[in-house]
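The structure appears below as structure tokens.
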Amino acid sequence: MRKLVYYVGASLDGYIAGPGGEIDFYPLGDDMAAWINARYPESVPTHIREHAGIAPDTPNRHWDTVVMGRGTYEPALEVGIASPYAHLKQYIVSTTLDRVDDPEVELVRTDPVELVRRLKKEEGPAGKDIWLCGGGTLAGALIDEIDELVLKSYPVLAGTGVPVLSGAFRPSLFAPVRR
């Protein structure tokens with residue numbers, strides 16, 4: 001069975017974005033970019049992969065499917081990109097989006113738990129796991145389905161914004177496996 005992996009960048013105080021969805025305050029040094037490109041190349045959006053030094057034929061290492069919420073998807077739409085991760089099977093979970101104008105992106109208006117449970121049982125396009133790309137509200141809804149958590153910790157304090165996970169108080173224990 002495939003795993004759902006919540007791979008997300010966060011400030012030291014636990015925010016994945018500013019209060020208005022800002023992410024431009026996260027410092028991304030060459031060393032961190034190299035780390036991301038080498039270990040998680042599939043997390044780099046398709047339209048910037050070549051600019052980031054990732055060859056078009058670079059295979060996905062961990063995931064072949066991505067699940068994201070509307071707030072994570074909208075920044076791509078705002079710059080005219082309807083399929084930000086064309087190298088992955090893409091699902092957008094939203095009850096407020098009217099439609100998605102790309103046949104490679106599936107809009108899911110139903111329960112995200114039901115979606116993830118179905119995806120976990122299916123063989124992925126490349127036999128790999130599922131990436132939960134964000135955001136905090138979707139992660140909160142899927143907390144019981146998250147099998148692995150990978151936090152990229154940025155050396156910045158945000159003060160407020162979109163938390164890594166939002167929802168009811170439900171402590172969930174994860175076992176650290178690497179730092």
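Annotation for Ile16 and Gly9: closest pair CG2-O, 3.3 Å, computed over non-hydrogen atoms. When all heavy atoms of Pro45 and His87 are compared, the pair lying nearest together is C-CE1, 4.2 Å. In plain terms, the two heavy atoms of Pro59 and Pro41 that are nearest each other are O-CG, 3.9 Å. Residues Phe25 and Gly18 come closest through the heavy atom pair CE2-N, 3.7 Å. Taking every heavy atom of both residues into account, Ala82 and Asp102 meet most closely at CB-CB, 3.8 Å. Listed here is the closest heavy atom pair of Ile23 and Ala17: CG2-CB, 4.0 Å.
Side chain of Glu22 to main chain of Gly20: a donor-acceptor pair is present (N/O by atom type, distance under 3.5 Å, no hydrogens or angles). A donor-acceptor pair is defined here as one N or O able to donate and one able to accept, closer than 3.5 Å; no such pair exists between the side chain of Asn37 and the backbone of Gly53. For the pair Ser166 (side chain) and Pro163 (backbone), a donor-acceptor distance under 3.5 Å is absent.
By the 4.5 Å heavy-atom criterion applied to side chains, Leu151 and Tyr7 are not counted as neighbours. Residues Ser43 and Tyr85 fail the side-chain proximity criterion, which asks for heavy atoms closer than 4.5 Å. Using a 4.5 Å heavy-atom cutoff, the side chains of Tyr91 and Thr65 are in contact. Residues Arg70 and Thr96 meet the side-chain proximity criterion, which asks for heavy atoms closer than 4.5 Å. Contact check for Arg49 versus Pro56: no side-chain heavy atoms found under the 4.5 Å cut-off. Looking at heavy atoms from C-beta onward, Arg117 lies in side-chain contact with Glu145 at the 4.5 angstrom threshold. Using a 4.5 Å cut-off on side-chain heavy atoms (C-beta onward), Lys3 and Ile130 make no contact. Between Leu132 and Leu138, some side-chain heavy-atom pair lies under the 4.5 Å cut-off.
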Give the C-alpha distance, both sets of side-chain angles, the deciding distance and a yes or no for side-chain contact (heavy atoms from CB on, under 4.5 Å) between Ser153 and Leu12.
CA-CA 6 Å; Ser153 182; Leu12 294 174; 3.4 Å; yes
Chi angles and distances behind the side chain to side chain donor-acceptor pair (under 3.5 Å) call for Arg39, His62: CA-CA 9 Å; Arg39 287 170 183 79; His62 304 281; over 6 Å; no
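Residue Ile143 is grouped with residue Val113 when hydrophobic side chains (ILVMFWY) are merged at heavy-atom distances under 4.5 angstrom, including chains of intermediate members. In terms of hydrophobic clustering, with Ile, Leu, Val, Met, Phe, Trp and Tyr side chains grouped at heavy-atom distances under 4.5 Å, Ile81 and Val44 are assigned to different clusters. A continuous path of hydrophobic side-chain contacts links Tyr6 to Leu115 [ILVMFWY only; heavy atoms under 4.5 Å]. Hydrophobic clustering of Ile, Leu, Val, Met, Phe, Trp and Tyr side chains at less than 4.5 Å, counting indirect connections, keeps Val162 apart from Val156. Linking Ile, Leu, Val, Met, Phe, Trp and Tyr whenever their side-chain heavy atoms come within less than 4.5 Å leaves Leu157 and Tyr154 in two separate clusters.
Here the CD1 atom belonging to Ile92 is positioned 8.0 Å from the CG atom belonging to Leu107, to the nearest 0.5 angstrom. The line from OG of Ser94 to CE of Met68 is 12.0 Å long, rounded to the nearest 0.5 Å. The CG atom of Asp129 sits 11.5 Å away from the CG atom of Asn60 when rounded to the nearest 0.5 Å. Distance CE/Met1 to CG/Asp147: 8.5 Å, rounded to 0.5 Å. Leu77 CG to Asp101 CG: the interatomic distance, rounded to the nearest 0.5 Å, is 8.5 Å. Going from atom CG of Leu4 over to atom CG of Leu142 covers 6.0 Å, rounded to the nearest 0.5 Å.
Salt-bridge check for Asp64 with Arg2: passed, with a basic side-chain N closer than 4.0 Å to an acidic carboxylate O. A salt bridge does not link Arg118 with Glu114: none of the charged nitrogens is closer than 4.0 Å to a carboxylate oxygen. A salt bridge links Asp144 with Arg170: at least one charged nitrogen is closer than 4.0 Å to a carboxylate oxygen.
Contacts of Lys89 classified as salt bridge (Lys or Arg N to Asp or Glu O under 4.0 Å), with partners at least two apart in sequence or in another chain: Glu106. Partners of Thr95 by side chain to side chain contact (heavy atoms under 4.5 Å, CB included), not counting sequence neighbours: none found.
Ring geometry for Trp63 against Trp131 counts as parallel: the plane angle stays under 30°, on a 0 to 90° scale with 60° as the upper cut.
Annotation: Glu50, atom CD; neighbour count of heavy atoms from other residues, nucleotides and ligands within 6.0 Å does not exceed 12.
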